[in-house]
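In what follows, a structure is listed as structure tokens, so that the remarks can point back to it.
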Amino acid sequence: MDMLLSDKEAIEVLYSKGKQLFFKYAQRFKLANEVLEDIYQEGFLALLLNIKSGIYKEEGTIIAYLIKVCSNKLNRYIAQQYKEREVMPLVVSEIARYYMSDTEREEALNVTVQLLEEADGACRQVLSLYYYENKRMAEIAEILQYANGAVAKQKKSSCLRRFARALKERLSEVGINWKTKNEK
Amino acid sequence: MKNRYEELVDRYINYDMTGQEREEFEQLLSTDPILRERFLTTHLLSEALHLQEEKGVKEALTDMDEAEINSMVAALRNKSKDSSPTASRSPKRYNIRWIASALAACIIICFIFYKLSTDNFLYSTAEVYVAYYSEVPEAEYSRSGSVIAEEVKNQNELLIESYNAGQYAQVVHLYEQSWKGKALQELPQSSVLLVAYSLSEANQSEEAILLLKQLVAARNEYSEEAEWLLLGAYLKSDDREAAKSTAQKMMTQDSFYAAQAGTIYKQLNKKK
């Protein structure tokens, strides 16, 4: 089943998902919502302009780049307002890169994309709704017509478990095994 | 402990942790290889989903100039003003459910403990089942490419619907009506798990155990889940020795259920 969003929907989903993540990322700084709104708005616009002009080099996902851009803007705001530099928390993709070389990451990502294309439609849907669209379990249950949120949660867990198991096997075929590996 | 790693990783990826929790999680990543593996595979899955869905973003920008992009971003802000950015997933809602479940489990355990028989084990198999056995199988519709007859497909869908609605007696009825005594291959393997779980819930553990043993022996992608269900069926049928031996086998394998099986094994061996 094709679940890809239309172009316009893709931007809207990116906007709202990025906003949720950025607000959660920034909550420790206890800034007013209006301030965060302004920073996010500026960051989102910069992101789109960077994509349009080719400054964004496609080295990762757009959402990770967006959070990084907004994190930099937040840091600049704090420095200007309070005359101090904060140690900004790392964004998730930076932590992941700590454990993977660029080559390894690229290879692993190709394997993952391939496996995702082979995944059964129902699993792909539930994982996409959860990990991409950030839907709550009750919403997922409604969209996919499960009895309730608990069923959706179980389905998501089961799909994730199967996917992780298959991915682990595929990755070990290309010599990638993170369980036995320490950070680089 | 149910899906503890999964929950931790999800909360971390979604920035649902406090600053201190994030720091502790990042520290754990460097020392716990299982957590590290779960985190990296989930992160890769999330990245792969994003890469596919984000293709549309670049496409949409192709025909827009800077002024159009500016006005679109302004419009997005206005559109989202009414919706709180933190309105999505509220972990607190789930916390309440967890607390309620934990309390219910505690009450049941205390009650059973009070009624404890005179054997030397600290916990009965029923107590261990209630307190430590949590994973249940998920319904899975036939995968694309699998060849099954239309009649079987329809019966299977009916079975899945009943399972999803929690009508285990109906699942057992459908199984007895259409598949009992026939070769297991006629029923999609994922549904055999549902039948076995339903049989166990309907207090027909013996029949469930027979089915599950066949699935475990088949050594296919469902064998791991089948073994976990077999452990549950042994617990439900009060077969402590079989449960211990199954749990012991699982905890030494590189299985998804290894940690949970280990806990169950430990609890089954505790003496008064």
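So that the names make sense, note that chain A is the first sequence line, chain B the second, and so on, each numbered from 1.
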* To do: With the side chain counted from C-beta on, respond yes when A:R161 and B:Y257 share a heavy-atom pair under 4.5 Å apart, and no when they do not.
  => yes
* Is any side-chain heavy atom of A:K52 less than 4.5 Å from a side-chain heavy atom of B:E66? -> no
* To do: Could you grab the distance from atom CG of A:L129 to atom CG of B:L49, nearest 0.5 Å is fine?
  => 10.0 Å
* For the residue pair A:F163 and B:T41, establish whether any side-chain heavy-atom pair is separated by less than 4.5 Å. => no
* **Atom pair OH/CG of A:Y132 and B:L51 - distance to nearest 0.5 Å** => 10.0 Å
* To do: Select one option (side chain, backbone, both, neither) describing which atoms of A:L167 are under 4.5 Å from chain B's heavy atoms.
  => side chain
* Structure fact -> Taken to the nearest 0.5 Å, the spacing of B:H43 NE2 from A:R105 CZ works out to 6.0 Å
* Tell me, side chain or backbone of A:I62 under 4.5 Å from chain B's heavy atoms, or both, or neither? -> both
* Highest number of heavy-atom pairs under 4.5 Å with chain A: which of B:I13, B:L61, B:T42, B:T31? -> B:L61
* Asked: Is any NZ, NE, NH1 or NH2 atom of the basic residue among B:E54 and A:K17 found under 4.0 Å from an Asp or Glu carboxylate oxygen of the other?
  -> no
* To do: Using a 4.5 Å cut-off on heavy atoms from C-beta on, say whether the side chain of B:M72 contacts that of A:L48.
  => yes
* Is it true that A:K156 and B:E6 make a salt bridge, defined as a side-chain N closer than 4.0 Å to a carboxylate O? -> yes
* Asked: Are B:L29 and A:Y98 close enough that some pair of their side-chain heavy atoms sits under 4.5 Å apart?
  -> no
* Start with the C-alpha distance between A:V111 and B:L44, add both sets of side-chain angles, then the distance that settles side-chain contact (heavy atoms from CB on, under 4.5 Å), and finish with yes or no. => CA-CA 10 Å; A:V111 171; B:L44 276 173; over 6 Å; no
* Asked: Looking at CG of A:L45 and CG of B:N70, how far apart are the two atoms once the value is rounded to the nearest 0.5 Å?
  -> 5.0 Å
* For A:Y15, is it the side chain, the backbone, both, or neither that has a heavy atom closer than 4.5 Å to a heavy atom of chain B? -> side chain
